[in-house]
Amino acid sequence: MKASMDKIVNLCKSRGFIFPGSEIYGGLANSWDYGPLGVQMKNNIKAAWWKKFVQQNPYNVGLDCAILMNPTVWQASGHLGGFSDPLMDCKSCKSRHRADDLIEAYMKKHGCEENLSAWSNEDFEKYISEHKIPCPICGKSDFTPIRKFNLMFKTFQGVTEDSSSTVYLRPETAQGIFVNFKNVQRSTRKRVPFGIAQIGKSFRNEITPGNFIFRVREFEQMELEFFCKPGTDLEWFAYWKDFCKNWLLEIGIKEENLKLRDHDKEELCFYSKATTDFEFKFPFGWGELWGIADRTDYDLSQHAKFSGKDMSYLDPITNEKYIPYVIEPSLGVERLMLAYLCNAYDEQTLENGETRVVMHFHPAISPYKVAILPLQKNMGDKAREIYQNLSQHFMCDYDEAGSIGKRYRRQDEIGTPFCVTIDFDTLEDDTVTVRERDSMQQIRIKTSELAAYISKFVNI
RNA sequence: GCGAGAGUGGCCUAAUGGUAUGGCAUCAGCUUCCCAAGCUGAGGGUUGCGGGUUCGAGCCCCGUCUCUCGCUCCA
């Protein structure tokens with residue numbers, strides 16, 4: 001693979017796709033700011049997803065929920081409580097362990113197994129010190145107190161930092177969809193099966209983020225929750241798996257960079273009946289890109305239980321009443337963008353021995369669609385006129401600095417699919433040369449036909 | 001949180017304790033009618049921050065901040 005993380009990171013920074021966050025203050029680990037090209041590309045990715053999953057899809061509708069939610073939502077979903085792992089370090093050898101794992105292993109060995117789910121951290125610590133449970137690495141029993149790693153960001157609603165007003169930043173957008181299931185169904189008169197799509201920020205206090213924008217603490221999700229009748233769920237699971245894969249191929253992800261992996265039983269989350277990961281071949285190895293899960297009726301049932309509201313669906317034709325099953329394709333915007341950058345990266349050696357870096361973006365995703373390049377600076381007036389006209393339709397770049405070859409290179413590097421050059425003839429007969437990025441082929445075209453010509457490629 | 005490593009213009013890089021190099025990139029001018037050409041010139045750094053040793057610190061010492069890599073975790 002020609003792309004390496006270093007090259008991608010450097011290109012992103014030097015060309016204005018992605019900058020390190022808070023850089024002038026020395027940065028903030030794993031935070032990233034999206035520059036002029038980055039935000040454009042990110043918006044294009046989101047727009048393409050929305051178009052495919054909402055605009056063009058007869059089943060689905062959109063939604064945009066608040067990031068802050070009633071904390072009970074997170075009790076119902078299981079994010080509070082269940083997912084803060086009780087971790088302790090061995091003071092002697094500095095290794096880290098889960099207290100419940102240590103105790104479970106100890107109990108298993110001594111044949112006295114118990115259900116630990118109701119135990120508090122104090123219970124864990126007491127049991128470990130009373131039974132002098134040894135560190136599996138060094139054998140000593142000298143642990144730090146338990147530290148809780150809650151993966152949710154906490155903040156305070158209201159001006160006093162008092163615990164009664166604690167709220168959380170959502171760790172996934174899905175719950176906002178579940179709590180609005182009835183609202184959306186009623187107001188749109190949708191019948192099951194139907195889906196609700198949402199794009200929005202989520203926050204997770206990952207202990208180990210990294211790999212550029214692959215894993216970050218603040219990220220944007222594109223999620224679909226598709227509600228269907230129990231029993232039809234596996235059919236729909238297969239349907240969305242295909243649908244998602246086709247979309248990735250459509251926007252230009254190469255099939256050889258993609259791998260579908262089904263979770264086996266042990267790996268499945270407690271609420272999930274089936275999960276398939278789309279993995280992408282990143283320069284650092286295969287990494288999860290898109291997770292598709294059969295969440296069963298777990299979420300709606302939990303919300304019914306905790307809220308006391310009926311979350312079931314009454315089929316108006318058969319009069320059957322049931323809690324729908326949910327198929328969830330969940331995709332991270334930044335992660336897809338990183339995959340997309342790696343997927344598009346190419347270095348080519350030209351006939352003259354020079355190399356060019358080319359980003360092979362689909363025209364719908366590339367930040368700029370067209371660059372306007374006057375061959376000489378004294379053609380600037382005409383060129384700016386063309387720029388003004390094309391800007392009505394597309395994101396355009398304008399560049400009159402340096403040789404024409406150099407300007408082509410600059411556009412190749414940021415993946416601009418078309419370059420329009422203005423020359424002497426343009427001033428005479430109003431035609432321009434359009435140069436295509438991947439083939440480097442040139443065609444001559446009337447300026448009046450430019451917008452229509454380029455539109456054909458830009459629309460997915 | 002622990003362990004290790006690293007911080008010199010936008011990027012890369014040089015500097016036995018002695019005036020902070022050079023390249024790329026950027027900008028201006030000349031030249032140039034289609035794929036990183038050339039020439040001339042310009043701007044940009046108190047070496048992450050604070051202190052100490054010294055006649056003198058990018059370099060040595062202490063502290064601090066930040067980043068990177070590994071470990072534990074990832075609904």
Side-chain angles (χ1 to χ4, degrees), chain A residues 5-6 9-11 13-16 19-31 74 77-99 101 137 144-145 147-152 170-172 174-175 202 204-212 214-217 219 267-272 275 284 288 291 293 295 298-299 328 330 348 350-358 373-379 401-413 419-427 432-435 437 440-442 444:
Chain A
M5 287 309 286
D6 277 354
V9 173
N10 288 338
L11 178 73
K13 192 181 171 189
S14 63
R15 301 312 308 270
F19 305 120
S22 319
E23 202 182 6
I24 63 166
Y25 288 102
L28 175 67
N30 306 104
S31 68
W74 309 115
S77 69
H79 286 85
L80 266 181
F83 294 101
S84 49
D85 298 314
L87 297 172
M88 52 202 333
D89 292 338
C90 171
K91 285 183 190 165
S92 167
C93 70
K94 311 287 185 198
S95 62
R96 171 164 296 163
H97 309 276
R98 285 179 60 151
D101 283 354
I137 308 292
T144 61
R147 275 186 297 259
K148 276 205 150 194
F149 282 73
N150 193 312
L151 295 180
M152 278 201 290
R170 66 181 176 196
E172 61 178 22
Q175 299 305 325
S202 292
R204 290 183 198 172
N205 227 331
E206 305 279 4
I207 299 167
T208 308
N211 277 328
F212 197 30
F214 180 77
R215 180 172 287 121
V216 284
R217 296 199 168 102
F219 60 103
E267 199 182 352
L268 286 177
C269 310
F270 59 89
Y271 57 73
S272 178
T275 298
F284 51 82
E288 183 189 336
R295 291 180 79 131
Y298 175 80
D299 300 279
E328 175 198 73
S330 171
Q348 293 176 353
L350 299 171
E351 287 167 16
N352 61 8
E354 304 278 358
T355 60
R356 67 166 188 154
V357 172
V358 195
L373 316 173
L375 226 42
Q376 274 185 16
K377 282 184 186 175
N378 58 18
M379 297 156 181
S403 71
I404 187 66
K406 186 165 192 167
R407 283 180 273 166
Y408 284 148
R409 290 299 92 79
R410 288 195 193 116
Q411 296 303 328
D412 291 340
E413 209 177 33
C419 291
V420 169
T421 51
I422 285 79
D423 56 24
F424 286 141
D425 294 338
T426 310
L427 308 176
V432 291
T433 301
V434 179
R435 177 260 200 188
R437 176 196 63 209
M440 296 202 275
Q441 300 279 308
Q442 303 188 345
R444 197 73 191 177

Asker: Whether the side chain of A:R204 engages the backbone of A:P171 through a donor-acceptor N/O pair (distance < 3.5 Å, no angle test) should be reported.
Answerer: yes

Asker: Indicate, yes or no, whether a donor-acceptor pair under 3.5 Å links the base of B:C35 to the side chain of A:D412.
Answerer: no

Asker: With rounding to the closest Å, how many angstrom separate the P atoms on B:U8 and B:A4?
Answerer: 22 Å

Asker: By nearest heavy atom, map A:K377 and A:R409 onto RNA chain B; which one lands nearer the 5' end?
Answerer: A:K377

Asker: Scan A:M5 against the nucleic acid and name what it touches under 4.0 Å (heavy atoms): base, sugar-phosphate only, or nothing.
Answerer: nothing

Asker: Check this one for me: any side-chain N or O of A:K406 less than 4.0 Å away from OP1 or OP2 of B:C24?
Answerer: no

Asker: Are side-chain N/O atoms of A:R444 and A:T433 paired as donor and acceptor at under 3.5 Å?
Answerer: yes

Asker: To the side chain of A:R410, which of B:U26, B:C74, B:C34 is closest?
Answerer: B:U26

Asker: Figure out the CG/P separation between A:N10 and B:A25, and round it to whole Å.
Answerer: 15 Å

Asker: Which comes earlier along RNA chain B counting from the 5' end, the contact point of A:R356 or that of A:S14, where each point is its nearest nucleotide?
Answerer: A:S14

Asker: Pairs counted as Watson-Crick or G-U wobble with both distances under 3.5 Å: what dot-bracket string results for RNA chain B, using | for bases tied to another strand?
Answerer: (((((((..(((.....[...))).(((((.......))))).....(((((..]....))))))))))))....

Asker: Under 4.0 Å from OP1 or OP2 of B:U32: is there any side-chain N or O of A:S403 that close?
Answerer: no

